[in-house]
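Below is one structure, written out as structure tokens, with a few remarks after it.
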Amino acid sequence: MVVAGNLCFSCWTNISPIYPAMSKTKATSRLLVNYPEPYRSEILDYLFKPNFGASLHILKVEIGGDGQTTDGTEPSHMHYALDENYFRGYEWWLMKEAKKRNPNITLIGLPWSFPGWLGKGFNWPYVNLQLTAYYIVTWIVGSKHYHDLDIDYIGIWNERAFDINYIKVLRRMLNHQGLQHVKIIASDNLWEPISASMLLDPELLKVIDVIGAHYPGTLTVKDARLTKKKLWSSEDFSTVNGDMGAGCWGRILNQNYVNGYMTSTIAWNLVASYYQQLPYGRCGLMTAQEPWSGHYVVEAPIWVSAHTTQFTQPGWYYLKTVGHLERGGSYVALTDGLGNLTVIIETMSYKHSKCIRPLLPYFNVSHQFATFDLKGSFSQIQELQVWYTKLGKPSERFLFKQLDSLWLLDSGGSFTLELQEDELFTLTTLTSGRKGSFPPPPKSQRFPSVYEDNFNIDYPFFSEAPNFADQTGVFEYYVNMEDPGDHRFTLRQVLNQRPITWAADAFNTISVIGDYSWSNLTIKCDVYIETPEKGGVFIAGRVNKGGILIRSARGIFFWIFANGTYRVTGDLAGWIIYSLGHADVTAKKWYTLTLTLNGRFSSGKLNGKTLWKNISVNFPENGWAAIGTHSFEFAQFDNFRVEASH
């Protein structure tokens, strides 16, 4: 046992105001919008409502660009050059829900992919700097005009190259549109080469407000500090949200400032609201991946966030006295400059706080006593509220528990804490902390084994059909004016060219749905090819990959083509051909496809008549159902139905 030398809190450093904990979404909140009430509102309260749960200070959203961005695609507000629609996707809805709960929440937009027309034939967003800047500015202006949302910060291109001239053009265009208040964060990648570029270019230094680095491992670099700009960990965490993820989050929330002077840490992702078998399953602050049942789980990272977010606010300052404890762990202290004080102490062990990246160097944490001395104006503080978390064995586990207050009347502002490993303490003058709760949500259930959607919605609240998760391309509700009959309302694939990609998007479009454990199933769907001669569509089962791995997805794919042929393939790319032949198919006509998978055998029907049967398929054994197109082409789908047994 050791007494860690007196930790004196008296003066505060005049650094930039903080945004301690925030969160970020990119195609990861896909299933959240489908949740029934009251569960959807409860989830949003746990994330955004002040003094209730995670009480997030900032929300960073993807500016949808039609491309795959890890777990799916998000639609752009401008699919085509003369197209503008500010009601696609769910990001504006999510920002409004966050603002409804916390009007002071800060909003950031960042693009991952861009619609293809911006590239003029190249997979590159900097072909025409003015055009790309215009595209981004329209998103900011549209957010305000259509949704009354003020975007506070804008990024450049997530984890990809930046263009110095583009950043300058973007700043000039923002100013020209009266958006001087929108600040620029760059480059959402590594500390270099952006920091060195800023030091060498006075204009670039002036137009960038924040340097944002991803997964910095709590460390910064000299050049970044020399810029005197705010330093943020603008993407971090992305670790499975059990106790290891909570330990990771607790450690970096403190140590990103202690070791790297970062005044904000942004978690990817906000809420694990996507199919768990997609990449980085359950890497959100909480889990909400079952809209069909209403089940969700308030995971430990929500309460780890609360230790910081409920007892600080943007605009508070870190004290100069922050650091490491003698036997492992760290402490930070913050003030609003008006007499309030919050101290956050973490003792996360090496074994229980590894983030998904970067590699964590070994360190040791052990039992210790730490004595804290409050000096100067803080010596007048008479009482500190105490909030406590202990991760680890269920019998010893506590999440965000309020303990008895510390009374400092007779101690001269000094107090000693006994610290074990894997603990979090928040000591604060604020009395507003609260561990919010709702009655337990419904029990977990599998995706319904019989599922159908006829897409007959006149005025859909969201542009995408529930539970479909687009993995390449964009599938939207569509009103088919040419068909007053059965197919007036359909689901349409709306991209006619490949986007400027961020990941390895497939060369075909695809949207997956259902239960990944599905093996024996029948999928039935009406399909309509719009492109003569070259067009083609498919339905599929047992699709085994998605997200950034979509290009290599295996499964059983039943294709028909406008040139009067059909194919059965074992993969999305079409390399593994099980069967092919003639089919009475042309463009601009509706057909009904049926795919049946039973054990090792598969069969397919066209308009109720068997087209092929008893084709042997050994791999994969299970996976999602899917629909899609042969290329980036318009096509429509209707009366989707799946009947499955696991």
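This is a predicted model, so every value here is computed, not measured.
Residue pairs meeting the disulfide (SG to SG under 2.5 Å) criterion with at least one partner in residues 361-394, sequence neighbours excluded, do not occur; the list is empty. Listed by first and then second residue, the salt bridge (charged side-chain N to carboxylate O under 4.0 Å, His left out) pairs that reach into residues 208-221 come to none, sequence neighbours excluded. Sequence neighbours left out, not one pair with a member in residues 344-356 passes salt bridge (charged side-chain N to carboxylate O under 4.0 Å, His left out). Sequence neighbours left out, not one pair with a member in residues 244-257 passes salt bridge (charged side-chain N to carboxylate O under 4.0 Å, His left out). Contacts classified as disulfide (SG to SG under 2.5 Å) and involving residues 359-396 (residues at least two apart or in different chains) are not found. The disulfide (SG to SG under 2.5 Å) contacts involving residues 238-283 comprise Cys248-Cys355, where partners must be two or more places apart or lie in separate chains. Applying the salt bridge (charged side-chain N to carboxylate O under 4.0 Å, His left out) test to pairs two or more places apart or on separate chains, those with a residue in residues 380-395 are Lys393-Glu396.
Aromatic ring orientation, Trp292 versus Tyr275: parallel (interplanar angle below 30°, classes split at 30° and 60°). Using bins of under 30°, 30° to 60° and over 60° for the plane-to-plane angle, the ring pair Trp303/Tyr46 lands in the perpendicular bin. Relative orientation of the Phe363 and Tyr350 rings is perpendicular, given thresholds of 30° and 60° on the angle between their planes.
Put simply, the side chain of Ile154 reaches to within 4.5 Å of the side chain of Ile63, judged on heavy atoms. For the pair Pro111/Ile136, a side-chain contact is recorded, criterion being any heavy-atom separation below 4.5 Å from C-beta on. Looking at Gln310 and Phe400, their side chains come closer than 4.5 Å, going by heavy atoms from C-beta outward. In this structure, Val271 and Met286 have side chains that are in contact, with non-hydrogen atoms separated by less than 4.5 Å. At a threshold of 4.5 Å between non-hydrogen side-chain atoms, the residues Leu384 and Thr429 count as touching. Looking at heavy atoms from C-beta onward, Leu44 lies in side-chain contact with Leu94 at the 4.5 angstrom threshold. Residues Val332 and Leu253 fail the side-chain proximity criterion, which asks for heavy atoms closer than 4.5 Å. Looking at heavy atoms from C-beta onward, Phe162 lies in side-chain contact with Ser197 at the 4.5 angstrom threshold.
Between His367 and Phe369, the gap from one ring centroid to the other is short of 6.0 Å. Ring centers of Trp93 and Phe461: at least 6.0 Å apart, outside the cut-off. The distance between the ring centers of Phe237 and Tyr280 does not fall below 6.0 angstrom.
Of the possible donor and acceptor atoms, one in the side chain of His295 sits under 3.5 Å from a partner among the backbone N and O of Pro442. The closest donor-acceptor contact from the side chain of Tyr35 to the backbone of Glu290 lies under 3.5 Å. Of the possible donor and acceptor atoms, none in the side chain of Thr347 sits under 3.5 Å from a partner among the backbone N and O of Gly329. A distance-only check finds a donor-acceptor pair linking the side chain of Trp157 to the backbone of Trp112 [under 3.5 Å]. Within the 3.5 Å criterion, the main-chain N or O of Gly65 finds a donor-acceptor partner in the side chain of Ser113. Between the side chain of Lys229 and the backbone N or O of Ser195, no donor-acceptor pair lies under 3.5 Å. Judged by distance alone, with hydrogens and angles left aside, the side-chain atoms of Thr428 form no donor-acceptor pair with the main-chain N or O of Thr431 at under 3.5 Å. Of the possible polar contacts, none joining the Gln180 side chain to the Val182 backbone as a donor-acceptor pair under 3.5 Å is found. The backbone N or O of Gln68 sits nowhere less than 3.5 Å from a side-chain atom of Thr73 that would complete a donor-acceptor pair. With hydrogens and angles disregarded, no donor-acceptor distance shorter than 3.5 Å links the side chain of Ser349 to the backbone of Asp422.
Atoms NZ and CG, from Lys183 and Leu174 in turn, are 12.5 Å apart once rounded to the nearest 0.5 Å. Atom-to-atom distance recorded for Glu421:CD and Gln368:CD is 10.5 Å, nearest 0.5 angstrom. To the nearest 0.5 Å, atom CH2 of residue Trp316 and atom CG of residue Asp336 are 4.5 Å apart. With values rounded to the nearest 0.5 angstrom, Thr371 atom OG1 is found 9.0 Å from Phe415 atom CZ.
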Task: Candidate pair Leu427 and Tyr331, rule side-chain contact (heavy atoms from CB on, under 4.5 Å), full reasoning - done: CA-CA 11 Å; Leu427 314 170; Tyr331 61 95; over 6 Å; no

TODO: Could you give me the CA-CA distance, side-chain angles and deciding distance for Ile344 and Leu334, then say whether side-chain contact (heavy atoms from CB on, under 4.5 Å) is met?
DONE: CA-CA 9 Å; Ile344 305 149; Leu334 304 102; 4.0 Å; yes

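With sequence neighbours excluded, the residues forming a side-chain hydrogen bond (donor to acceptor under 3.5 Å, both in side chains) with Ser41 are Glu37, listed by chain and number. Partners of Ser273 under the side-chain hydrogen bond (donor to acceptor under 3.5 Å, both in side chains) rule, at least two apart in sequence or in another chain, do not exist in this structure. Shown here are the salt bridge (charged side-chain N to carboxylate O under 4.0 Å, His left out) partners of Arg397, two or more places apart in sequence or in another chain: Asp243. Not a single side-chain hydrogen bond (donor to acceptor under 3.5 Å, both in side chains) links Trp139 to another residue, sequence neighbours left out. Listed by chain and number, the residues in a salt bridge (charged side-chain N to carboxylate O under 4.0 Å, His left out) with Glu299 are Arg282 (sequence neighbours excluded).
Other residues, nucleotides and ligands contribute over 12 non-hydrogen atoms within 6.0 Å of the NZ atom of Lys96. Other residues, nucleotides and ligands place no more than 12 heavy atoms under 6.0 Å from the CG atom of Leu359. Heavy-atom contacts from other residues, nucleotides or ligands closer than 6.0 Å to OH of Tyr261 number 12 or fewer.
Looking at Ser305 and Trp249, their side chains do bring a donor and an acceptor atom within 3.5 Å of each other. Side-chain contact annotation: His307 with Thr426, donor-acceptor N/O pair under 3.5 Å present.
Screening Asp45, Leu47, Ile302, Asn102 for a side chain to side chain contact (heavy atoms under 4.5 Å, CB included) with Phe52, the sole residue that qualifies is Asp45. A side-chain hydrogen bond (donor to acceptor under 3.5 Å, both in side chains) with Lys60 is found for one member of Asn269, Thr106, Asp188 and no other, namely Asp188. The side chain to side chain contact (heavy atoms under 4.5 Å, CB included) with Leu59 is formed by just one residue from the set Lys99, Glu91, Met95; it is Met95.
The shortest non-hydrogen separation linking Leu325 to Ala370 is CD2-CB, 4.1 Å. Taking every heavy atom of both residues into account, Met262 and Trp191 meet most closely at SD-CZ2, 3.7 Å.
Remark: Lys144 engages Asp150 in a salt bridge, criterion side-chain N to carboxylate O under 4.0 Å.
Remark: Arg357 is positioned above the aromatic ring of Tyr215, its terminal NZ or CZ atom under 6.0 angstrom from the ring centre and at most 45 degrees off the axis.
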